2 protein chains.
Amino acid sequence: MLNERQKKILLAVTQSHIDLNIPIGSLLLIKRYPLNLSSATIRNAMASLEQMGYITQPHTSAGRVPTEKGYKFYVNSLLEDHPLSISDSMSYELSLRLKSTENDSNGVIKKAAKTLSLLSHNLAIAIPPKIEDMVLKHVKFIKYDKRKALSMLISDEGIVKNTFVELDKSYTQQELDKAAHYINSNFAGKQIKDVKEILSYQLIKDQEAYDRIVTSVLYLFNDYIIMDDDILSLNSFSGTSYLPDLVDSQQVKDILRAIEDKQFMLKLLNQLSGSKGIKVVVGLESIIPAMSKMSMVAATYNDDKRSGGAIGIIGPTCMNYKKLIPIVDHTAKALTRILSEN
Amino acid sequence: MLNERQKKILLAVTQSHIDLNIPIGSLLLIKRYPLNLSSATIRNAMASLEQMGYITQPHTSAGRVPTEKGYKFYVNSLLEDHPLSISDSMSYELSLRLKSTENDSNGVIKKAAKTLSLLSHNLAIAIPPKIEDMVLKHVKFIKYDKRKALSMLISDEGIVKNTFVELDKSYTQQELDKAAHYINSNFAGKQIKDVKEILSYQLIKDQEAYDRIVTSVLYLFNDYIIMDDDILSLNSFSGTSYLPDLVDSQQVKDILRAIEDKQFMLKLLNQLSGSKGIKVVVGLESIIPAMSKMSMVAATYNDDKRSGGAIGIIGPTCMNYKKLIPIVDHTAKALTRILSEN
DNA sequence: TTTAGCACTCTCTATCGGTGAGTGCTATTA
DNA sequence: TAATAGCACTCACCGATAGAGAGTGCTAAA
């Protein structure tokens, strides 16, 4: 366990490292923070902190740099102590930028990612709500070919997803309408996961209760909403240009490659699932190998009523958490507000 | 005008520079190409080529590097002489990768960009057909709110575009259906630009000929298809990770920033418009300042019947044109084939 | 007209010492 | 006894310097 002095020094070292991005020595530290301690005392404390794994030396005769453990301690103390407030001008700029001409939810979410990257000067990510959690508003099937229909799903949040589905035989538009109507009148207002459950249950139980056509289309619909991972293609990144600042060129390449990969998104999602509000992940290399020395600050958006997505930033571990955590927090809240207004 | 020897030397210098990516001196050149000339003769020829602006020296006592003009000469001679053939294995890999599970055209186009970036190891871009040139297949309006409808447009190529439109008053779904039906029965099979023209003409001329509701919705539809630039959001990039190889980190940042900007796409589109088949643009800094020392190899896809988009790669000016031009060419052809099969 | 020879140029790389910020250890102090 | 001043030591960083190597233009000979 850390004593009061060690805590103070650890926080001071971390803050200095964030501000200056260089290893912090004992002399430099007392110059920046009037701790009323001599450099020798600081050095003793630093030696203990190093032994406990909170800080480390890049080489002998260099200052200390916080480790992942050190950063985690710093971030936790930040989240406990500070109210997540941002300046009025920032708040104003945020709502101004988000209140754009975009009128569909996908657009708003993308716009939020773009705004976040501009305000934070970091890579921003926006993850749409899981399709499972979305509330079905409307379904439509449109005949396209002899054996193909365009299936369209609108959620309560105003998110639209369309996919072409292969049909087992040729249906008329009227038949498709009938099936869609059945789905709409029975499932509108329900979460997709509930729709799934009820559908598969009913399809097994009372197959004979419905029209032959409705049954077939329901089967198709069932298949279609099961394969939901392509909703991930809706995710958006913005601000890749902010990446190359602090890391070497090979790592930038690796990160860019990772970002284009869907697996990456799934892993991030996984990391965020279940959490509410702001979440800081210090050190992403355990999730994505390319992202060593990088951290994520993310927050879920949408309230309890609606299915939540996540929005956040990815940047160097030595990012300015004090400034960025509130920005992410407020962006997520602003996004929630705008989506609920729609 | 260049004489035979100068041409030979220019092409050899350019090819060597592409292969080695270093300035090419007279001694190195005769080592690689048995031109049966002494280094002194080569030097004389190089001096003339430099005076004519085809090659340049990074500094005194360095070899020569082709200028943009030199590269243009090289690419032109390549396009004239060589048939654009690729190896069978490459051709096989290409069709294998493209023949994916994607069933909508947007997906296929995106997949093509991804494939192209993987095969070429360069940044790949895919630009969808201009909405103006697309052939209207089906329109649908779906009531969403009191004052909002989801408008949906399916083109002949299977490209779907949906937008929320604000309505001037509350319509019933039936009224919306009626308007959609009118549009479908009158305009399906026509290019959007023709639809636009006819619509605006008719709206002015015989306003009274239609139902009140149809007229209103037609007005809305007219407004909606006029603002077509957001189709650009369909564009896709792939392979940003291939960028950082040959250029400095600031340029990479600038390029990444440019890519996220819509203006960039418009400028590229402009550059490609009107061309058929393969097109090589050597030196992109006149179009996008950040892209100095970069070139584009692009080809239009879709045949004369359908509206064409473009697909291509962006890479360093010293890229391997001999290998990459055929790859782009074949990818565009394969894409055309797959889209026409749908 | 082409080529061999030559003096010269300039980048690139490795080496080397000085500088400075930092450390741990030890003896001293409050 | 815990905190501090003093001190010898370490090591990255920076600038200067020198040699190697690749290339050039010019001139005179083939």
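Not measured: the values here are computed from a predicted model.
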Measure from CD1 on A:Ile24 to C1' on C:dG20 and round the result to the nearest Å. 16 Å
Validation row: A:Tyr321, A:Met319 side chains within 4.5 angstrom (heavy atoms): yes
Between the opening five pairs and the closing five pairs of the helix from C:dT1-D:dA30 to C:dA30-D:dT1, how far apart are the helix axes, to 10°? 20°
Nearest-Å distance, CG (A:Leu27) to P (C:dG24)? 12 Å
Rounded distance [0.5 Å steps], CD in B:Gln251 versus CG in B:Leu243: 9.0 Å
Would you check, one step at a time, whether the test side-chain contact (heavy atoms from CB on, under 4.5 Å) holds for B:Ile327 with B:Leu116? CA-CA 8 Å; B:Ile327 289 179; B:Leu116 189 52; 3.7 Å; yes
Mark yes when over 12 heavy atoms from residues, nucleotides or ligands other than B:Asn3 sit less than 6.0 Å from its CG; otherwise mark no. yes
Can you find a heavy atom in the side chain of A:Met291 that is under 4.5 Å from one in the side chain of A:Glu285? no
Does the pair A:Asp261/A:Arg257 count as a salt bridge with the N-to-O cut at 4.0 Å? no
Check ion pair B:Lys8-B:Glu4 (N to O, under 4.0 angstrom): no
When you measure from the side chain of A:Thr60, which nucleotide among C:dT2, D:dG23, D:dT10 comes out closest? D:dT10
Are the side chains of A:Arg97 and A:Leu118 in contact, using a 4.5 Å heavy-atom criterion? yes
Whole angstrom value for the distance that separates C1' of C:dG22 from CD of A:Gln57: 8 Å
Whole angstrom is fine here: how far is it from NE2 in A:His17 over to P in C:dG22? 13 Å
Looking at D:dT24, I'd like to know if its phosphate oxygens (OP1 or OP2) sit under 4.0 Å from a side-chain N or O belonging to B:Ser26. yes
In whole angstroms, the gap separating C1' of C:dT11 from NE2 of B:His59 amounts to 5 Å
B:Ile22 CD1 - D:dG21 C1' separation (whole Å): 12 Å
How many Å lie between CG on A:Leu28 and C1' on C:dT23, as a whole number? 14 Å
Closest approach to the side chain of B:Ser61, judged atom by atom: which nucleotide of D:dA12, D:dA3, D:dG23 is it? D:dG23
Identify which one of A:Leu268, A:Ile288, A:Val297 satisfies the side-chain contact (heavy atoms from CB on, under 4.5 Å) criterion when paired with A:Ile314. A:Leu268
Contacting residues from residues 29-53 of chain B, given that a heavy atom lies under 4.0 angstrom of DNA chain D: B:Arg43, B:Met46
C:dT23 phosphate, OP1 or OP2: any side-chain N/O from A:Arg64 under 4.0 angstrom? yes
